[in-house]
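Whatever order the structure lists ligands and atoms in, that order sets their numbers, starting from 1. Just so it is clear, the model here is predicted, and its values are computed rather than measured.
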Amino acid sequence: MNKIEKYKTLFEQIKALVADEDDLIANMANAAAMLHHEFGFWWTGFYRVDQTSGLLVLGPFQGPVACCRIGFGKGVCGTAWERKATVVVPDVHKFPGHIACSSASNSEIVVPVFRGETVIAVLDIDSTAFGTFDATDREWLERIVAVL
Ligand code: SME
C-alpha cells in the first residue's frame with residue numbers, strides 16, 4: 001500500500017472506532033496507536049491544552065518518554081497552537097526553538113485539533129528520517145483529527 005492508501009484505510013478505521021466512543025482521550029489513544037504502528041513513526045501522540053496552566057500538557061502517545069508541558073508559541077507544538085495551523089518541519093535542527101524531546105528525531109509534523117474555532121490539542125508526529133512529512137500527511141492527518 002502506498003501512503004495515500006494507508007491513510008485512507010486508517011481514516012475509515014479511526015472513524016469507525018470513534019463512532020462507538022465519545023471519550024476524547026480514549027479516541028486520541030487509539031488514533032495515536034494506529035498511526036504509530038501503521039507508519040512506524042518514532043513518536044506519535046497528542047498534547048492537550050490545559051486551561052489551568054495555560055500550557056500544552058502531554059496526552060496519549062506511542063514512543064519514548066516526552067516532555068510534559070509546552071508553552072504557547074514554544075517549539076513546533078506551541079507554534080502550531082499559536083498559528084492555528086499545521087506545521088511541517090523537514091529538518092527539526094533548522095526550526096528555531098524546536099524542543100528536542102529525543103535526539104533521534106529529525107523531522108516532525110504538528111496538526112492542531114479544533115473544537116469550533118478553538119485549538120484544544122495538537123497531534124505531534126516525529127520521524128527519525130529527514131523530510132518525512134508532506135502535503136499528503138498534512139491533508140490526511142487534518143482529516144483524521146477532525147473526526148476525533
Ligand atoms: N518537538 C516538539 C516537542 C514534543 S516532542 O517532539 C514529543 C516541539 O518542538 O514542540
Which part of [X] is near ligand 1, with near meaning a heavy atom under 4.0 Å away: side chain, backbone, both or neither?
X     : answer
Phe95 : neither
Ile99 : both
Cys77 : both

Is there a continuous path of hydrophobic side-chain contacts, each under 4.5 Å between heavy atoms, that joins [X] to [Y]?
X      : Y      : answer
Phe114 : Ile70  : yes
Val110 : Val89  : yes
Phe46  : Ile25  : no
Val122 : Val113 : no

In terms of residue, atom name and distance, what is the protein heavy atom nearest to [atom]?
atom                   : answer
atom 2 (C) of ligand 1 : Glu108 OE2, 3.1 Å
atom 4 (C) of ligand 1 : Asp124 OD2, 3.3 Å
atom 5 (S) of ligand 1 : Cys101 SG, 3.1 Å

Counting each atom of ligand 1 from 1 as listed, which ones have a heavy atom of [X] under 4.0 Å away?
X     : result
Tyr47 : 4 (C), 7 (C)
Trp43 : 7 (C)
His98 : 1 (N), 9 (O)

> Residues two or more places apart in sequence or in another chain: which of them pass ring pair (Phe, Tyr, Trp, His ring centres under 6.0 Å) with Phe95?
Replying inline: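 Listed in chain order: nothing, the list is empty.
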>> Salt bridge or not between Glu12 and Lys8? Use side-chain N to carboxylate O under 4.0 Å.
In response: no
> side chain to side chain donor-acceptor pair (under 3.5 Å): which pairs involve residues 107-134, sequence neighbours left out?
Replying inline: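 Every pair satisfying side chain to side chain donor-acceptor pair (under 3.5 Å) with a residue in residues 107-134: Lys3-Asp134, His98-Glu108, Ser105-Asp126, Ser107-Thr132, Ser127-Thr132.
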> Looking only at heavy atoms, which two atoms of Pro60 and Met28 are closest? And how far apart?
Replying inline: CG-CB, 3.8 Å
> Is there any N or O on Asp126 that sits under 3.5 Å from an N or O of ligand 1?
Replying inline: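 Yes: some nitrogen or oxygen of Asp126 is under 3.5 Å from one in ligand 1.
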> Taking distance alone, with no angle check, do Val76 and ligand 1 share an N/O pair under 3.5 Å?
Replying inline: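 Yes; at least one N/O pair falls below 3.5 Å.
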